[in-house]
Amino acid sequence: MNLDKSKKRISKRVKMGDQGYPKIAIEYHGKNADLATEVTVTLIFEEGAEPMTERFSNTADVRENDVIQSALIKIIERTGAKTVSQKTEVTII
């Protein structure tokens, strides 16, 4: 999938706001605020359920990696997530 298309699809889902469960939270991590080398996807199926986490990493910026962004879209679609949230800033690790 095209990188721009993936980013737009994720952004559209984030803008929809809280629609209930299942929920997905996307968070980027890196050594500094300009380079996200890891992304964490947390899935919660229902209230009180144990969260499931998937991590993807790369030496380059994961926000600009079309394979990783496409994988995020596939996770959202296959889990039937109603709510998608995304932390825009990079968490320094």
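Reckoned from all heavy atoms, side chains included, excluding hydrogens, waters and symmetry mates. For the single chain, residues carry numbers from 1 onward in sequence order.
Between T40 and E54, the closest side-chain pair of non-hydrogen atoms is not below 4.5 Å. The shortest side-chain heavy-atom distance between K82 and Y21 does not fall under the 4.5 Å cut-off. Considering only heavy atoms from C-beta on, L72 comes within 4.5 Å of I10 through its side chain.
Residue I24 holds its CD1 atom at 9.0 Å from OG1 of T42, rounded to the nearest 0.5 Å. Taking OG1 from T83 and CD1 from I76, the interatomic distance works out to 11.0 Å, rounded to the nearest 0.5 Å. Taken from CG in L3 to OG in S70, the straight-line distance is 8.0 Å, to the nearest 0.5 Å. If you take CD1 on I44 and OG1 on T79, they are separated by 12.0 Å, rounding to the nearest 0.5 Å. Rounded to the nearest 0.5 Å, atoms CD1 (I73) and NZ (K5) are 9.5 Å apart. With rounding to the nearest 0.5 Å, the separation of CE in M52 from CG in L43 is 4.5 Å.
No side-chain donor-acceptor contact under 3.5 Å links E89 and Y28. Defined by atom type and a distance below 3.5 Å, a donor-acceptor pair is missing between the side-chain atoms of K7 and S11. For the residue pair E27 / T91, a side-chain donor-acceptor distance below 3.5 Å is found, with atom types taken as modelled.
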task: Kindly determine whether V84 and M16 satisfy side-chain contact (heavy atoms from CB on, under 4.5 Å), including the steps that lead there.
output: CA-CA 8 Å; V84 178; M16 291 173 66; over 6 Å; no
message: Please determine whether side-chain contact (heavy atoms from CB on, under 4.5 Å) holds for the pair V39 and I68, giving the CA-CA distance in whole Å, both sets of side-chain angles, and the decisive distance to 0.1 Å.
response: CA-CA 9 Å; V39 61; I68 292 175; 3.8 Å; yes
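For the side chain to side chain donor-acceptor pair (under 3.5 Å) test, no residue two or more places apart in sequence or in another chain qualifies with K8. Listed by chain and number, the residues in a side chain to side chain donor-acceptor pair (under 3.5 Å) with T37 amount to none (sequence neighbours excluded). Legend: residues meeting side chain to side chain donor-acceptor pair (under 3.5 Å) with R63, ordered by chain and number and at least two apart, are D61.
A chain of hydrophobic side-chain contacts below 4.5 Å, direct or via other Ile, Leu, Val, Met, Phe, Trp or Tyr residues, connects V14 to I26.
Checked by atom type and distance alone, the side chain of R13 pairs as donor or acceptor with a backbone atom of A81 at under 3.5 Å.
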